[in-house]
2 protein chains.
Amino acid sequence: MTQPLRKKEIRQENERLILDAAEKVFAEAGFGGATMQLIADMAGLPKANLHYYFPTKEALYRQVVQKIFQIWLQAADVFDAASGPAQGIGAYIDAKMEISRRHPAGSKVWASEVMHRAPVIQDYLETTLVDWTNGRMKLIQHWIDTGRMDPVDPRHLLYMLWATTQHYADFGHQIETLNGARELSDAQWQAAKTTIKRIILKGIGVAEDELPEL
Amino acid sequence: MTQPLRKKEIRQENERLILDAAEKVFAEAGFGGATMQLIADMAGLPKANLHYYFPTKEALYRQVVQKIFQIWLQAADVFDAASGPAQGIGAYIDAKMEISRRHPAGSKVWASEVMHRAPVIQDYLETTLVDWTNGRMKLIQHWIDTGRMDPVDPRHLLYMLWATTQHYADFGHQIETLNGARELSDAQWQAAKTTIKRIILKGIGVAEDELPEL
DNA sequence: TCTCATCTTGACCATACGGTCAGGAATGGG
DNA sequence: CCCATTCCTGACCGTATGGTCAAGATGAGA
């Protein structure tokens with residue numbers, strides 16, 4: 001089928017296969033419901049091979065969660081690069097919606113991990129996430145202090161952004177069921193983004209003339 | 001310890017004990033991670049006794065999910081009884097936030113069930129939830145048509161309400177971590193509700209003088 | 001008190017799962 | 001070509017889990 005691979009490429013390729021399969025299986029079955037056999041089948045490798053690359057189920061799971069956390073943090077960049085609340089929050093919503101669309105399994109694994117009291121990434125929550133959140137809260141507070149948006153509680157605004165965007169990944173199955181068992185179309189994703197941005201940006205009182213085109 | 005119970009009361013009491021324990025364990029460990037032994041221990045009953053009242057783990061899980069679904073639907077009443085978007089959506093947010101606060105475990109079990117493609121309650125999604133959603137969408141559309149709020153997509157507004165309110169239950173652990181490992185106080189819950197209502201009600205353009213006191 | 005239905009539970013079973021290992025195959029550097 | 005390193009995998013093991021069962025305890029009704 002494919003041409004032979006070099007040793008280093010083999011490792012890279014197999015780890016990718018396994019991580020991708022694991023992400024899907026952990027998302028669909030949860031950590032407890034997932035089995036190494038299922039992940040192996042989905043990756044197209046024998047089970048023993050998984051244990052060659054990842055010593056334990058938990059180690060594999062840990063890697064999956066960390067990978068998602070990185071993607072998740074990366075969406076913050078657009079937030080900081082912005083010149084004001086309209087651009088910053090608008091772009092952040094777009095970025096997080098895109099992640100929900102492209103990495104729904106990852107988002108579910110993250111949600112599941114947090115719901116189960118974060119047994120694996122609690123330290124990340126306490127350090128990286130706390131720092132990230134504090135930084136963003138300060139930025140929002142600055143926008144408020146300079147009169148560019150209403151004085152809303154920055155913390156709860158952030159939670160609202162997370163909740164609303166991640167909902168489209170974590171509850172994707174419910175959304176598809178309510179959509180007649182069909183995936184959202186491009187237009188429907190666009191409508192979702194537009195509606196969310198319109199409501200939140202107007203809701204926090206950004207000036208009309210600052211609104212980006214929706 | 002307690003006075004002897006009548007036979008019928010015994011059944012009622014034990015089923016309640018088991019369901020309460022199961023809700024917590026399923027929420028914290030997921031369906032696959034939960035064990036009948038753990039539920040039995042938390043309920044203070046021998047494992048075999050669980051199988052006397054609930055034939056299988058899945059049957060027990062099903063009852064837990066159905067119980068939550070009922071509570072969840074019940075919050076819709078305040079929606080319908082309202083005279084307009086400000087009252088209706090405001091009261092709905094309050095009701096759903098109260099559920100997130102009082103039944104966080106239930107909310108997590110629901111979220112987990114949906115994330116795993118609703119193996120147990122798919123029929124409810126397709127019937128009851130579809131009907132409920134369509135009804136509420138019509139009501140919102142009516143408010144739009146009569147000029148009482150902005151023309152936003154009712155479907156995505158509903159998703160936004162679900163996402164934002166349930167986030168405080170499903171991601172409660174993350175929120176507590178970001179709150180210095182402490183539960184939200186009464187005042188903080190109040191701030192959350194107020195912030196959410198203020199942003200969404202303003203965001204959908206309800207008239208200032210229609211806003212309920214926050 | 002006697003009898004029946006309900007409730008209780010320790011002991012047990014079959015299965016499935018995470019993980020191990022030994023031995024073989026493939027690759028690469030010299 | 002040699003051999004050291006990496007990769008591969010079928011067979012196997014111990015344990016934990018969902019579920020069963022038979023025998024006994026407890027309450028209800030007559």
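Chain identifiers are assigned alphabetically (A, B, ...) following the order of the sequence lines, protein sequences preceding nucleic acid strands; residue numbering begins at 1 within each chain. Computation of the quantities below employed the complete heavy-atom set of this structure, encompassing side-chain atoms and omitting hydrogens, waters and symmetry-equivalent molecules.
Residue A/Ala48 has its side chain nearest to C/dC21 when only C/dC7, C/dC21, D/dC7 are considered. For A/Tyr53, the listed nucleotide lying nearest its side chain is D/dC7; candidates were D/dC7, D/dT9, C/dG10.
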Item to check | salt bridge (charged side-chain N to carboxylate O under 4.0 Å, His left out) between B/Arg102 and B/Glu98, intermediate numbers included | outcome: CA-CA 6 Å; B/Arg102 303 302 170 194; B/Glu98 210 54 33; 3.2 Å; yes
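Between the CG atom of B/Asn14 and the C1' atom of C/dT9 there is a distance of 13 Å, rounded to whole Å. As a whole-Å value, the separation of B/Gln12 CD from C/dT6 P is 16 Å. When rounded to the nearest whole Å, the span between NE2 of A/His51 and P of C/dG18 equals 7 Å. The distance between atom CD of A/Glu13 and atom C1' of D/dC7, rounded to the nearest whole Å, is 14 Å. The nearest whole Å value for the distance from the CG atom in B/Leu17 to the C1' atom in C/dT8 is 15 Å. A straight line from CD1 of B/Ile10 to P of D/dT26 spans 11 Å, rounded to a whole angstrom. In this structure, NZ of A/Lys57 is placed 8 Å from P of C/dG19, rounded to the nearest angstrom. What separates CG of B/Leu50 from P of C/dG10 is a distance of 13 Å, to the nearest Å.
Taking a 4.0 Å limit (strictly below) on heavy-atom distances, residues 23-47 of chain B reaches DNA chain C at B/Pro46.
Summarising the geometry of A/Ala192 relative to A/Met97, their closest heavy-atom pair is CB-CE, 3.8 Å, with the distance given to 0.1 Å.
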For nucleotides 3-6 of chain D, print each protein N/O atom paired with a nucleotide N/O atom at under 3.5 Å, atom names and distance only.
{"from": "D/dT6", "atom 1": "O2", "to": "A/Lys7", "atom 2": "NZ", "distance (Å)": "3.4"}

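Mapping A/Glu58 and B/Asn49 onto DNA chain C via the closest heavy atom, the residue that lands nearer the 5' end is B/Asn49.
With B/Trp110 as the fixed residue, the side chain to side chain contact (heavy atoms under 4.5 Å, CB included) test singles out one of B/Ile121, B/Val64, B/Asp170: B/Ile121. Exactly one residue among A/Thr127, A/Thr133, A/Asn134 makes a side chain to side chain contact (heavy atoms under 4.5 Å, CB included) with A/Val130. That residue is A/Asn134.
By the ring pair (Phe, Tyr, Trp, His ring centres under 6.0 Å) test, A/Phe31 pairs with A/Phe26, A/Tyr61, sequence neighbours left out. Evaluation of the side-chain contact (heavy atoms from CB on, under 4.5 Å) rule for A/Tyr53 yields A/Ile10, A/Arg11, A/Asn14, A/Glu15, A/Ile18, A/Asn49 as partners, not counting sequence neighbours. Considering only residues two or more places apart in sequence or on other chains, A/His156 meets the ring pair (Phe, Tyr, Trp, His ring centres under 6.0 Å) condition with A/Tyr159, B/Tyr168. For B/Arg62, the side chain to side chain donor-acceptor pair (under 3.5 Å) test picks out B/Glu58, with sequence neighbours left out.
Side-chain contact check for A/His173 and B/Gln122: at least one donor-acceptor pair (N or O, by modelled atom type) lies under 3.5 Å.
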